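Everything numeric here is computed off the predicted structure, so don't read it as measured data. Atoms within each ligand, like the ligands themselves, are counted from 1 in listed order.
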Amino acid sequence: MTAEAGVVREPDRAAAPAALTALLADVSALVGSVREAAWIVEHLDTGADDPAAVRDAALALADRRAAGEPLQYVLGTWQFRTLELAVDRRVLIPRPETEQVVEVALAELMRVASGRAASRGPLVCVDLGTGSGAIALSLAAEGVGTVAGAELEIWATDRSVDALDVVRANLDALAATDPAAADRVTVAEGSWFDALPGRLERRVDLVVANPPYVSEEEYADLDPTVRDWEPVGALVAPRGSSGVAGMADVEAVVAGAVRWLRPTGALVVELAPSQAYGAIDAARRAGFLRVGTARDLAGRLRMLVAER
Ligand SMILES: C[S@@+](CC[C@H](N)C(=O)[O-])C[C@H]1O[C@@H](n2cnc3c(N)ncnc32)[C@H](O)[C@@H]1O
């Protein structure tokens, strides 16, 4: 679509080159979806000098999609809030519900920032299990506008070295468009809080995480587009000590957070709706004083929100 002086118009189909129309039809036939075909064709430089090369590239992408690969991996990038992130099989495809996790995390940051003087230095945020960097880089890109007057120090951690390579590529891309945002982010390898330097103990203002929370039983029944393509280490977690399926990593993050957060700090953890009440119990046991949940845009309980 094109936008001129605020008017959004559909492209003039009659004016579309016949070759492009034929290509869209061929890609649609391969992937079984006109919408996905449009994504694939729009992703390529259809104005390039060599239409045959564009056609070959589009059909190669369509073949991958037809073989079951998720559209996001086929395209190689995916929009997450304000960012276009590189994604491939090394990382989880960032989901819309995680965009809402960032929204809740930004609100928590604003609350923390309003209670402290900017002269106390940057607000420290930690994104545990960062994957593509979706949460950490969004906080870096959007956070300063939210917490006017305060700077941010953001840690993006993962135990997967493959994922950290993807984060670094996304950080390089962010540095090209918003160097100040990219400068706020430090990438670190390690299991949950082990990735952090000791000097951050009791100095963290916000811990946010989207840990694996699919149970082993649910994994077998997942859509093959997810199960056969996305990293199992990003999806599946063992049963928690409370007995709740898939909750061991959520519990690990909740139990570890108290030692790293300032007394005013906050924890936001994405989870499955069936884990919400178990997570509330875990947070109370860990010593959080104000504990609640937040919903995604579909109204499902998808986050633990805990304040010290
Ligand atoms: C559900 S994915 C979330 C990725 C990204 N934060 C997002 O929201 O799209 C979980 C991430 O946690 C990482 N992970 C799994 N176990 C971990 C551990 N023990 N320590 C640190 N990261 C871990 C995985 O490698 C994966 O990148």
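Using a 4.0 Å cut-off to heavy atoms of G129, the atoms of ligand 1 that qualify are 3 (C), 4 (C), 5 (C), 6 (N), 11 (C), 12 (O), 13 (C), 22 (N). Short contacts between ligand 1 and G131, defined as distances under 4.0 Å to a heavy atom of the residue, involve ligand atoms 4 (C), 27 (O). Heavy-atom contacts of T98 reach the following atoms of ligand 1: 8 (O) (cutoff under 4.0 Å). Of all atoms in ligand 1, numbered sequentially from 1 with element shown, those under 4.0 Å from a heavy atom of S160 are 25 (O).
Cluster annotation: W192 and I135 are assigned to distinct hydrophobic clusters (Ile/Leu/Val/Met/Phe/Trp/Tyr, side-chain heavy-atom contacts under 4.5 Å, transitive).
The heavy atom nearest to atom 26 (C) of ligand 1, out of those in T130, D158, V102, is found in D158. Proximity annotation for atom 19 (N) of ligand 1: of P212, A237, S191, S191 comes nearest, heavy atoms only.
Distances shorter than 4.0 angstrom occur between a heavy atom of G190 and an atom of ligand 1. Heavy atoms of G233 come nearer than 4.0 angstrom to ligand 1 in at least one pair.
Of the protein's heavy atoms, N210 ND2, 3.6 Å lies nearest to atom 7 (C) of ligand 1. Closest to atom 1 (C) of ligand 1, if we only count protein heavy atoms, is A234 O, 2.9 Å.
Between S132 and ligand 1, no pair of N/O atoms sits closer than 3.5 Å. For W192, a nitrogen or oxygen atom sits less than 3.5 Å from a nitrogen or oxygen atom of ligand 1, counting backbone and side chain alike.
A salt bridge does not link E189 with R168: none of the charged nitrogens is closer than 4.0 Å to a carboxylate oxygen. Between D26 and R55 there is a salt bridge, with a side-chain nitrogen of the basic residue lying less than 4.0 Å from a carboxylate oxygen of the acidic one. Using a 4.0 Å cut-off between charged side-chain N and carboxylate O, R89 and E69 make no salt bridge. Ion pairing between R184 and E153 fails under the 4.0 Å rule for side-chain N and carboxylate O.
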Please tabulate, for side-chain N and O atoms in residues 27-41, each donor-acceptor pair with protein atoms closer than 3.5 Å (sequence neighbours left out).
{"unit_1": "S28", "atom_1": "OG", "unit_2": "L24", "atom_2": "O", "d": "2.7"}
{"unit_1": "S33", "atom_1": "OG", "unit_2": "R35", "atom_2": "N", "d": "3.3"}
{"unit_1": "S33", "atom_1": "OG", "unit_2": "E36", "atom_2": "N", "d": "2.9"}
{"unit_1": "E36", "atom_1": "OE1", "unit_2": "R65", "atom_2": "NE", "d": "2.5"}
{"unit_1": "E36", "atom_1": "OE2", "unit_2": "R65", "atom_2": "NH2", "d": "3.3"}

Pair up each side-chain donor or acceptor in residues 287-296 with any protein partner under 3.5 Å, not counting sequence neighbours, and list the distances.
{"unit_1": "R290", "atom_1": "NE", "unit_2": "E307", "atom_2": "OE1", "d": "3.1"}
{"unit_1": "R290", "atom_1": "NH2", "unit_2": "R308", "atom_2": "O", "d": "2.9"}
{"unit_1": "R295", "atom_1": "NH1", "unit_2": "G299", "atom_2": "O", "d": "2.8"}
{"unit_1": "D296", "atom_1": "OD1", "unit_2": "A298", "atom_2": "N", "d": "2.9"}
{"unit_1": "D296", "atom_1": "OD1", "unit_2": "G299", "atom_2": "N", "d": "3.1"}
{"unit_1": "D296", "atom_1": "OD1", "unit_2": "R300", "atom_2": "N", "d": "3.0"}
{"unit_1": "D296", "atom_1": "OD2", "unit_2": "R300", "atom_2": "NE", "d": "3.1"}
{"unit_1": "D296", "atom_1": "OD2", "unit_2": "R300", "atom_2": "NH2", "d": "2.8"}

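A side-chain contact (heavy atoms from CB on, under 4.5 Å) with S138 holds for exactly one of R81, E103, E99; it is R81.
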